[in-house]
Protein chains: 2
Amino acid sequence: MVKYKEVANEIRKRIKNGSYPLEERMPDQTSLAKEFHTSRVTIKKALDLLTVAGLVYTIQGSGTYIKQNALQLAESSIRIGQNVGLTAQVDERMHLENKTIKFDVRFPTEEECEQLLLKKEDPVYEIERLRILNKQPYSLEHSILPLSLVPGVTKDVLQKSMYDYIRNELGIVFGENRQTIRAAQPDELDKEFLQCGENEPVLEVTKVMFTSSGTPLEFSKVRHRFDMVEMSFVNLNTEIY
Amino acid sequence: MVKYKEVANEIRKRIKNGSYPLEERMPDQTSLAKEFHTSRVTIKKALDLLTVAGLVYTIQGSGTYIKQNALQLAESSIRIGQNVGLTAQVDERMHLENKTIKFDVRFPTEEECEQLLLKKEDPVYEIERLRILNKQPYSLEHSILPLSLVPGVTKDVLQKSMYDYIRNELGIVFGENRQTIRAAQPDELDKEFLQCGENEPVLEVTKVMFTSSGTPLEFSKVRHRFDMVEMSFVNLNTEIY
DNA sequence: TAGTGGTCTAGACCACCCT
DNA sequence: GGGTGGTCTAGACCACTAA
């Protein structure tokens, strides 16, 4: 473990247990550098981490302060990003299932070529899967992946986790993804597989997943039952440049 | 302008105009430090900015590489975060309106106390506004703000921009916000004001906005017409600690 | 083993807040 | 004007990749 992360963790613990009171000024960076037997630059790096994590904020010329809502975030590991959650409480007694409706290989459509930076002749997998919780279907997922990047997909892979396969078997590291969210009226597939009534909408999430090197890996449209899935995320107010 | 941002901008220009080819290795940090007459630490800071912006990625021991999808992001100013967009193209000929349906002061509900960290006796504004594009209503926004933090709100303020008022008149700096997104069936208000039919759903966004010091500032629920609004965002795959 | 990025230091100067 | 955070340097050592 590198030093600035260790310092950040220690300070986080102190915020959590109240050594540094909420909404008050922390010791200045020079004092912290002395206390942790390190340089001020390292302290600054640690505080930058905590700033991004939403625990503290700094005012140049004034000091470093604990955020009022810091305690809610002071738990151990922090991950920035969105979170797709089931509205229903999921525990051990519940049964999550995964049913493959379609598994095909074909040439991509124009939209798919554009999103995945493919040529018309580059074959893709087309996969349609249904997610089921306690015999109640809640999401219908339509995925397109280029064969060139993700070879060797089988029904067995789909039954387990495709992302695990891509990560562990193919050794591909995921990067960012871009999503668009809409509400939509149910179409024929939704009515059939998600058992949507005429007035029961779906939450449609369109996503392009990239590898760490920026190559588009997957283009997917997921349609969620409106009464079983919601998405939540923290939006940091970070501007760059 | 500080040096590391200048360096980052210059490198971004080079990526954009093709001086550094996509998917190839960039010059190493020591060379860049020499070229820009600066230290390696400063180069590293510049590359960190570009990494967060999604333009490059580094592999320790190997080098710094341009992402394949970098060009889409190489435009001038970059902002991380979500984006609520109107599906319809908006240009000068279009007319955006803002109609206040309700403007009240009252004591908060239990949920509002919890979300805004208030006591039962702390009065709040309750505001309901309708957003209209070309005489077509597209969003219905319900906001709760504590009087103690945001005093002096008037109908005139609501008619213009409440966020401008908070930022410019009150001098409050915004921080992060937390959002939850759902699809929902239209309720009576949606039918009346958004002119939703029985099977026209809404996209419901619940948001808590915080100040830079972490104090909850606003608790809002916005309901958008499904055929006029969508939300999109980039999800960086960043883990901290 | 050579080359590259990641971290760290001690000291310096500047920008900004506050009184 | 004193105190604080933001930036920057030159040099060092370590961790990792790739041949």
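Numbers restart at 1 for each chain; the letters A, B, ... are given by sequence-line order, proteins then strands. Hydrogens, waters and symmetry mates play no part in the numbers below; they use all other heavy atoms, side chains included.
Within the 4.5 Å cutoff, the side chain of Tyr4(B) has no heavy atoms near those of the Thr38(B) side chain. Using a 4.5 Å heavy-atom threshold, the side chains of Met26(B) and Leu47(B) count as touching.
Counting any heavy atom pair closer than 4.0 Å across all strands shown, Thr64(A) reaches sugar-phosphate atoms only and no base atom.
A side-chain contact (heavy atoms from CB on, under 4.5 Å) with Thr64(A) holds for exactly one of Ile59(A), Leu32(A), Val56(A); it is Val56(A). Here the rule is side-chain contact (heavy atoms from CB on, under 4.5 Å) with Leu145(B), and of Val153(B), Ile127(B), Leu116(B) only Ile127(B) fits it.
Ranked by how close their nearest DNA chain C nucleotide is to the 5' end, Gly61(B) and Gly61(A) are led by Gly61(B).
Near DNA chain C, meaning a heavy atom under 4.0 Å away, the residues from residues 32-48 of chain B are Arg40(B), Val41(B), Lys44(B).
Donor-acceptor pairing under 3.5 Å is recorded for the side chains of Glu218(A) and Ser143(A). Judged by distance alone, the side chains of Thr51(A) and Asp48(A) never bring a donor and an acceptor atom under 3.5 Å apart.
If you measure from atom CE of Met26(A) to atom C1' of dG5(D), you get 12 Å, rounded to the nearest angstrom. In this structure, CG of Asp28(B) is placed 18 Å from P of dT17(D), rounded to the nearest angstrom.
Close approach of DNA chain C to chain A, defined as any atom under 4.0 Å from a non-hydrogen atom of the protein, starts and stops at dT7(C) to dC17(C).
Summarising the geometry of Thr100(B) relative to Phe103(B), their closest heavy-atom pair is CG2-CB, 4.1 Å, with the distance given to 0.1 Å.
Remark: Lys160(A) engages Asp156(A) in a side chain to side chain donor-acceptor pair (under 3.5 Å) (not counting sequence neighbours).
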